[in-house]
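Because the structure is predicted, anything quoted here is derived from the model rather than measured. Side chains included, hydrogens not; waters and symmetry mates left out as well; all remaining heavy atoms used.
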Amino acid sequence: MSKRVKIKHLIKEGQPGEKVTVSGWVRTFRQNRFISLNDGSCLSNMQIVVDFENMEESIIKSITTGAAISASGEVVESQGRGQRIEIQAETIEIHGLADPDKYPLQAKRHGLEFLREIAHLRFRTNTFGAIFRIRHSASFAIHKFFNDRGFYYMHSPILTGSDAEGAGEMFQVTTLPLNDVPKTEDGEVDYKQDFFEKATNLTVSGQLEAELGALALSEVYTFGPTFRAENSHTSRHLAEFWMIEPEVAFCDLEDNMNLAEDMLKYIIQYVMDHNREDLDFLDNRLQQEEKSKPQHQRSPMALIEKLEFCLANDFERVSYTEAIRILMNSKPNKKKKFQFVIEEWGADLHSEHERFLVEKHFKKPVILYDYPKDIKSFYMRLNEDGKTVGAMDILFPGIGEIIGGSQREERLDVLLSRMKEMDIPEEEMSWYLDTRRFGTCPHAGYGLGFERMILFVTGMANIRDVIPFPRYPGSAEF
RNA sequence: GGUCCUUUAGCUCAGCUGGUUAGAGCAUCUGACUGUUAAUCAGAGGGUCCAAGGUUCAAGUCCUUGAAGGACCGCCA
């Protein structure tokens, strides 16, 4: 096995006359002669030509879709069209059989919902191979982007004793026996007897901890799993998802927007440069799918076209106030076509409004900023007008909110009064407030939902199909 | 948490207004062919029509309840 060559390398570099060994999983075996072998290194398969007259019959019988094999032989120029080279097999070693009566994957297209039920095997399809190679690339690109700019990768805790992050419902973590929970005298759960001697949860955000890091290391980012126990039934929410949260000292909202836009474009460019074959495949797959849809439901741009457009154009930066003006003057608002008609400044924007701005009005990614303080979190910096905070959301076509961020409130007195307004207990946040007591400075950051980014780059429709083992209400299989 | 949709062969689906023995393509198996690449040709096997109850002379088809899956809304990334 030491001489094994990856198919990706062979396709690029392989020369006729070389003796090679390739290992992988059989996709199809045609005419007892042609094996299409995939090893996951790239989308393309290597064609192995078998001389079945001179091959043991038990081996020929074992070459079925899904079987794991190694093939050794000489690289030759392919006589057929469709590939530059192929391998003339001299020996074939069978590592693992796949009973064709029971193996659920066939050389045909399966529905995504069926594949979700066999998520442990869906890696072996072209579509999911492409998605997870792209997911890897995007993940690597994010580390490279921040590393090249002098950011430090900071590991924020996954188990947290802080319950004031305010980003959503939390999963409780405990070692207390659920069928016999110890109680205090007044009938409350006695967390003193729990593992951490206090109530703990899975993190919903690493932001507050990242702020602590940024106020010493200047520029940090987190990239880790995040957990929200929201009962969300949509195609863009997960109970366990990966989030990227950069936090930058001496940075205002505009710097923050610039960083976010640069990062998103960098990721897209990186994937375009390194995963072209996978993108072409997904693009093609999507176009086939579009053909079966009625005209008005078809997307205006193909996948790669959409990514290129995104790279070539500045994101539209619009203040909340301006967005409200546009929405109030819009046709659907005037004709009361919106489910929630915008009546006045201060209204919360629903996804129908965001979609109108992104998909109908501007037709490109939009950054909305300076939201009313009443609809945003306590840590966002109060603007001079006293009414708005330095928040920004980046909205992508077809996805909605992909990034949420803000300049943080660095002034202790303002932060304390905001916390009081919003009933955030001061005692529990003293560690956070210390950064404002000692050497506070302007700083800003944001959170990127990694799976939403992958959704956009792959053109997939459901977030459950861009993470290997999705977690959502009622589902924690595998 | 709310609204709506779907469930028929291993997979993707058709099945009209309720009416004989429930169909197709792909996959599988057998045979033919052997430079194919979604191979082709011939044949075969494969069904708890999601479940339970009801209406009816008659239910895959209509009704009720439940289950599973999905879409959208709210919450957000």
Side-chain angles (χ1 to χ4, degrees), chain A residues 27-37 44-53 61 64-66 76-83 86 88 98-118 125-126 165-169 204-207 223 225-245 260 288 292 297 338-340 348-355 375-377 393-396 399-405 446-456 461-467 472-475:
Chain A
R27 284 293 173 79
T28 61
F29 185 33
R30 287 182 297 274
Q31 286 194 326
N32 270 1
R33 187 180 291 280
F34 303 102
I35 304 170
S36 273
L37 195 71
S44 296
N45 302 322
M46 179 52 60
Q47 175 155 285
I48 318 287
V49 183
V50 182
D51 211 356
F52 64 86
E53 296 91 343
K61 287 278 176 206
T64 59
T65 299
V76 296
E77 274 178 47
S78 182
Q79 294 174 37
R81 267 170 244 152
Q83 59 277 318
E86 62 196 18
Q88 187 67 49
D99 183 345
D101 266 340
K102 294 182 182 138
Y103 188 62
L105 293 171
Q106 304 149 9
K108 61 163 282 191
R109 262 174 71 168
H110 295 88
L112 293 171
E113 284 136 36
F114 169 70
L115 292 172
R116 214 172 288 151
E117 288 170 21
I118 51 164
T125 62
N126 284 335
E165 285 160 344
E169 285 299 309
V204 292
S205 162
Q207 179 202 314
F223 187 167
T226 310
F227 309 87
R228 306 235 172 129
E230 302 286 352
N231 194 17
S232 301
H233 296 101
T234 81
S235 52
R236 48 181 201 288
H237 287 86
L238 290 167
E240 175 184 285
F241 64 100
W242 288 66
M243 188 151 65
I244 294 95
E245 295 179 287
Q288 297 296 323
S292 61
Q297 279 180 25
F338 283 139
Q339 195 190 338
F340 298 92
D348 211 344
L349 299 182
H350 290 83
S351 53
E352 58 182 341
H353 309 122
E354 296 180 347
R355 267 210 314 276
I375 59 172
K376 287 291 180 181
S377 304
D393 283 355
I394 303 190
L395 312 174
F396 264 24
I399 312 281
E401 187 176 344
I402 196 165
I403 277 181
Y446 60 82
L448 165 71
F450 186 55
E451 283 76 18
R452 289 192 180 170
M453 185 66 195
I454 304 304
L455 220 41
F456 183 74
N462 193 314
I463 201 161
R464 295 165 190 177
D465 294 330
V466 296
I467 187 166
Y472 49 95
S475 183

Between [atom2] of [N] and [atom1] of [X], the distance in whole Å:
X      : N     : atom1 : atom2 : answer
A/D51  : B/U34 : CG    : P     : 14 Å
A/R27  : B/C26 : CZ    : C1'   : 17 Å
A/I463 : B/A71 : CD1   : P     : 12 Å
A/Q339 : B/G2  : CD    : P     : 16 Å
A/I394 : B/C76 : CD1   : C1'   : 15 Å
A/E401 : B/A77 : CD    : P     : 5 Å
A/Y472 : B/C75 : OH    : P     : 23 Å
A/F52  : B/A39 : CZ    : P     : 17 Å

Inset, instruction - Using the six-membered ring wherever Trp is involved, compare the ring planes of A/W242 and A/F223 and label them parallel, tilted or perpendicular (cut-offs 30° and 60°). - result: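 Rings of A/W242 and A/F223: perpendicular, over 60°.
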Legend entry - A/N462 versus A/R236, side-chain donor and acceptor atoms under 3.5 Å: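 No, no side-chain donor-acceptor contact under 3.5 Å.
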Inset, instruction - May I ask you to check whether A/T65 and A/Q106 show a side-chain donor-acceptor distance below 3.5 Å? - result: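 Judged by distance alone, the side chains do not pair up.
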Roughly how many Å apart are [M] and [N], using the [atom1] atom of each and rounding to a whole number?
N     : M     : atom1 : result
B/G46 : B/U7  : P     : 25 Å
B/G45 : B/G25 : P     : 15 Å
B/C16 : B/A22 : P     : 15 Å
B/A71 : B/A59 : C1'   : 29 Å
B/C13 : B/C50 : P     : 15 Å
B/G10 : B/C62 : C1'   : 31 Å
B/C75 : B/U12 : P     : 34 Å
B/U21 : B/G60 : C1'   : 15 Å

So, is [X] close to the [N] phosphate, meaning a side-chain N or O under 4.0 Å from OP1 or OP2?
X      : N     : result
A/R464 : B/G70 : yes
A/N32  : B/U36 : no
A/S351 : B/G74 : yes
A/R236 : B/C72 : no
A/T234 : B/C75 : no
A/R355 : B/C73 : yes
A/R30  : B/A39 : yes

If pairing requires Watson-Crick or G-U wobble contacts with both distances under 3.5 Å, which nucleotide is the partner of [N]?
N     : value
B/C72 : B/G2
B/G66 : B/C50
B/C26 : B/G10

With a non-hydrogen cut-off below 4.0 angstrom, is [X] in contact with a base, only sugar-phosphate, or nothing?
X      : answer
A/R452 : base
A/F241 : base
A/E245 : nothing
A/E113 : sugar-phosphate
A/R116 : sugar-phosphate
A/G111 : sugar-phosphate
A/P100 : sugar-phosphate
A/E117 : nothing
A/H350 : sugar-phosphate
A/D101 : sugar-phosphate

Legend entry - Donor-acceptor contact present, side-chain A/H353 to main-chain A/H350, <3.5 Å: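 Checked: pair present.
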Legend entry - Given RNA chain B, 5'-ward residue of the pair A/P104 and A/T28, judged by closest heavy atom: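 Nearest nucleotide further toward 5': that of A/P104.
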Inset, instruction - Could you pick out which residue, A/G80 or A/E230, lies toward the 5' side of RNA chain B when each is mapped onto its nearest nucleotide? - result: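 It is A/G80, whose closest nucleotide lies nearer the 5' terminus.
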Inset, instruction - Validate the cation-pi geometry between A/R452 and A/F396: distance from NZ or CZ to the six-membered ring centre under 6.0 Å, angle to the ring axis within 45°. - result: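 No, a cation-pi geometry is absent between A/R452 and A/F396.
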Legend entry - Stacking check A/F34 vs B/G35 (5.5 Å / 30 deg):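 So A/F34 does not count as stacking on the base.
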Inset, instruction - Report yes if the side chains of A/S235 and A/I463 come closer than 4.5 Å at any heavy-atom pair, otherwise no. - result: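 They are not in contact (no side-chain heavy atoms under 4.5 Å apart), so the answer is no.
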Can a donor-acceptor pair under 3.5 Å be found between the side-chain atoms of [X] and the base atoms of [N]?
X      : N     : answer
A/H237 : B/C76 : yes
A/Q47  : B/U36 : yes
A/S232 : B/C75 : yes

Legend entry - A/Q106 side-chain proximity, nearest of B/C26, B/G70, B/C72: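 For the A/Q106 side chain, the nearest candidate turns out to be B/C26.
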Inset, instruction - Determine, for A/K376 against A/D393, whether the closest basic-nitrogen to carboxylate-oxygen distance falls under 4.0 angstrom. - result: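 Looking at A/K376 and A/D393, the cut-off is met.
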Legend entry - Ionic contact status for A/E53 with A/R33, cut-off 4.0 Å: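 Counted as a salt bridge, because a side-chain N and a carboxylate O are separated by less than 4.0 Å.
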